[in-house]
Visitor: 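Quick one: structure below, then a few questions.
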There are 2 protein chains.
Amino acid sequence: MTIYKPKGDSASAMSIAAVELDCGLSKDTLRVWERRYGFPAPVRDDHDERLYPADQVGKLRLLRRLIDAGHRPGKIVTRSLEELTALARPVAGRPAAMESAEVRDVLDLLRAHRTERLREALAGQVLQHGLGAFAMEVAPDLAKAVGAAWSRGDLEIHEEHLFTEQLTAVLRSAINGVLNGRLSSDPPRVLLTTFPQEPHALGILMAEAVFVLQGCPTVSLGARVPIPEIASAARAHGAQIVALSFSACMTSAQAHGGLAELRRTMDPAVQIWAGGSCPGLRARDGVSVLRTLVDIAPGVLAWRQGAHGAAPA
Amino acid sequence: MTIYKPKGDSASAMSIAAVELDCGLSKDTLRVWERRYGFPAPVRDDHDERLYPADQVGKLRLLRRLIDAGHRPGKIVTRSLEELTALARPVAGRPAAMESAEVRDVLDLLRAHRTERLREALAGQVLQHGLGAFAMEVAPDLAKAVGAAWSRGDLEIHEEHLFTEQLTAVLRSAINGVLNGRLSSDPPRVLLTTFPQEPHALGILMAEAVFVLQGCPTVSLGARVPIPEIASAARAHGAQIVALSFSACMTSAQAHGGLAELRRTMDPAVQIWAGGSCPGLRARDGVSVLRTLVDIAPGVLAWRQGAHGAAPA
DNA sequence: AGGCGTATTTGTCCAGGACAAACAGGCTTT
DNA sequence: AAAGCCTGTTTGTCCTGGACAAATACGCCT
């Protein structure tokens, strides 16, 4: 777990481990691309270890974005930087057309780095729509628009981080407000978390807002929790529902493998609800898939009406 | 980035990629341990790929903990599970003795999974001590105690996650309260974040509380931000200080390499303040190291008195 | 005790071969 | 036209076994 040669001093060239972390391409992938396509073509240090110049790392970052957006590596790895940036752009037109004024406002504030105004705008939207509608409809739209803008190069990574932070702060504030004001809560008790491969915590935060509004006691473990720990936590808290969020950065194999293992190791009476934008997320026996956050409320209602074994949707 | 064989169905055995994520030991390390020490000894599937049984994964998790605590792999890898658990225990006595009553209360609530009471206890401590003292003294003590309890096996991983979540919620609430109530803010503008290898966001959240109380405008990007993005964000937001947090899970090589690169690529007028419990974190030219959060206030004062180039501490 | 040189430990890197899952494209069927 | 099936290609991950540098431990001298 130690990186021996960060070589930050040696003018802007990175070790293979540093590139793996920076671009999210595994060492194996970096080596096999070099072997197959001739790119990247890192220089070597005294001890024949790869050193990636900054411009190649930049191109690798762009390639990663394009591949996440659906391009195939073999078709684009060898192309020039100009062709690639051109490739990243044209998608811009379509989704922008159907963006609401609210979404456009938020994107503009993000690009202008008006942090305080962004906070106020988000907080204002919560007040205007109510926490429920905000969490179920506005926030997911915003997240999707920000993700799309990022993947077409319209938004910097740090701007996306800033958005996540601000939305998290606003949502948490609102949830706390509801919690502090309420007198009691009724089952089902809900445990919220994500699998170790899933770093995004926004999904479970939005879901938590909806569950809290339904009067459910919630326990959030945050993101990246090992599966045995999820099972153990569900037992410890006496949860009746375990809610999991899956974003596009998880593969369907990871999701289904994890869900199967969790189902196997947990009391069958505990329901598993899965949601999110992970492609190929399908319901299996003992696992319910909720297409959107709007499906949570009827699900809770069904649970309370005694159909504890039955899955929603 | 795809995991092909989670094999969650095949009774609780994990692929090498899953074990890497779960235990934090790289594939290379797992293979070299097997070659050198004969442990782990995974079975093989049809295609000769390693499959780690659940009990071996459990032992690997324990080994990782012991190594983080200072043991050497070669001395402990081949020992039995009983010897290892015995090895993990004896550290328990000392730190427990100097725990304050408040810390003990929080640990007890955590172990009892009294989520709501934990929230209330933390929120109560904020009111009692004030946000400043809570963020600078109480919260770091709590975090340290929880980390120690976890590393001696006294606390489950999911209990540590729960603690982090609750403390995050309480701190964020309090920060929001201060922000909503204040009329203006004065430079320096502070950008808070962590390097890509550092997943813990509690450090920057505690620091944000202190900076906000000093009247500084703050921008938090959350954890795990690539270094070029940090530089770019600092420029975009016109930050005068970039504050970074380093926990024990970063190596000093990672920290210093990253700090050197950040310093190289950023306007020299922007100060870099680094803090946290990462061993071997040292001040270099252009980088200040703050031993504790208490050092922030005098640092801000010094900055405002015009010593913009001078480093605190 | 404390500083220093040597020996051992340990994690990461390398090459190049192999294979299964994911994908694209052409075909047939409803 | 949409949905299903087959086939060839693309692509990421895993394998083995060798090598070496950084980190650590140990013995020696002051």
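In what follows, every chain begins at residue 1, and chains take the letters A, B, ... in the order their sequences are listed. Since this is a predicted model, take the numbers as computed values, not measurements. Values below: every heavy atom of this structure, side chains too, minus hydrogens, waters and symmetry copies.
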Visitor: List the residues meeting side-chain hydrogen bond (donor to acceptor under 3.5 Å, both in side chains) with Arg224(A), not counting sequence neighbours, and say none if there are none.
Guide: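 Checked Arg224(A) against side-chain hydrogen bond (donor to acceptor under 3.5 Å, both in side chains); zero matches.
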Visitor: My understanding is that only residues two or more places apart in sequence, or in another chain, count here; which of them pass side chain to side chain contact (heavy atoms under 4.5 Å, CB included) with Arg44(B)?
Guide: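 By the side chain to side chain contact (heavy atoms under 4.5 Å, CB included) rule, Arg44(B) matches Glu34(B), Asp48(B), Arg50(B).
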Visitor: For the pair made of CZ in Arg72(A) and C1' in dA24(C), what is the distance, rounded to whole Å?
Guide: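 For the pair Arg72(A) CZ and dA24(C) C1', the rounded distance is 7 Å.
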Visitor: Could you tell me whether the side chain of Leu244(A) reaches within less than 4.5 Å of the side chain of Ile230(A), counting heavy atoms only?
Guide: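 Yes. Closest side-chain heavy atoms under 4.5 Å.
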Visitor: Got a second to check how far Arg65(A)'s CZ is from His71(A)'s NE2, nearest 0.5 Å?
Guide: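 Between Arg65(A) CZ and His71(A) NE2, I get 11.0 Å after rounding to 0.5 Å.
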Visitor: Atom OH of Tyr37(B) to atom C1' of dT10(C): distance rounded to whole Å?
Guide: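 It is 6 Å, rounded to the nearest whole Å.
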Visitor: Return the value, rounded to whole Å, for the distance between atom CH2 of Trp33(A) and atom P of dA15(C).
Guide: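 Distance, rounded to whole Å: 18 Å.
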Visitor: By side-chain hydrogen bond (donor to acceptor under 3.5 Å, both in side chains), which residues pair with Lys27(B), not counting sequence neighbours?
Guide: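 If we apply the side-chain hydrogen bond (donor to acceptor under 3.5 Å, both in side chains) test to Lys27(B), skipping adjacent residues, the hits are Glu20(B).
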Visitor: Does the side chain to side chain donor-acceptor pair (under 3.5 Å) test come out yes or no for Ser247(B) and Glu198(B), once each step is laid out?
Guide: CA-CA 7 Å; Ser247(B) 80; Glu198(B) 172 59 66; 2.9 Å; yes
Visitor: Measuring from atom CZ of Arg61(B) to atom CG of Leu66(B), what distance do you get when rounded to the nearest 0.5 angstrom?
Guide: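 Going from CZ on Arg61(B) over to CG on Leu66(B), the span is 13.5 Å.
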Visitor: Just jot down the ring pair (Phe, Tyr, Trp, His ring centres under 6.0 Å) partners of Phe195(A), sequence neighbours excluded, or say none.
Guide: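 With sequence neighbours excluded, Phe195(A) shows a ring pair (Phe, Tyr, Trp, His ring centres under 6.0 Å) to Phe246(A), given in chain and number order.
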Visitor: Please test His158(B) against Glu160(B) for side chain to side chain donor-acceptor pair (under 3.5 Å), starting from the C-alpha separation and ending with a verdict.
Guide: CA-CA 5 Å; His158(B) 67 83; Glu160(B) 196 196 12; over 6 Å; no
Visitor: Runs of at least three consecutive Watson-Crick or G-U pairs, both distances under 3.5 Å, are what I'm after; which ones involve DNA chain C?
Guide: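 Stem segments, range with range: C:1-30 with D:1-30.
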Visitor: Look for any protein N or O under 3.5 Å of an N or O in nucleotides 15-17 of chain D and output each such pair with its distance, or none.
Guide:
unit_1	atom_1	unit_2	atom_2	d
dC15(D)	OP1	Arg50(B)	N	2.8
dC15(D)	OP1	Arg50(B)	NH1	2.9
dC15(D)	OP2	Arg31(B)	NH1	2.4
dC15(D)	OP2	Arg50(B)	NH1	3.2
dC15(D)	O5'	Arg50(B)	NH1	3.1
dT16(D)	OP1	Arg44(B)	NH1	3.4
dT16(D)	OP1	Arg44(B)	NH2	3.1
dT16(D)	OP2	Arg50(B)	NH1	3.0
dT16(D)	OP2	Arg50(B)	NH2	2.5
dG17(D)	N7	Arg35(B)	NH2	3.0

Visitor: Please report, rounded to the nearest Å, how far the C1' atom of dC13(C) is from the NZ atom of Lys27(B).
Guide: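 After rounding, the gap between these two atoms is 15 Å.
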Visitor: Calculate the interatomic distance between Asp45(A) atom CG and dA19(D) atom P; express it in whole Å.
Guide: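 Asp45(A) atom CG is separated from dA19(D) atom P by 18 Å.
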Visitor: Rounded to the nearest Å, what distance is computed from the CG atom of residue Asp46(A) to the C1' atom of nucleotide dA22(D)?
Guide: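 Spelled out: CG on Asp46(A) to C1' on dA22(D) is 14 Å.
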Visitor: What's the NE2-P distance between His71(B) and dA23(D), to the nearest Å?
Guide: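 Distance check: His71(B) NE2 to dA23(D) P gives 21 Å.
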Visitor: Rounded to whole Å, please give me the gap between CZ in Phe39(B) and C1' in dT10(C).
Guide: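 To the nearest whole Å, that distance equals 17 Å.
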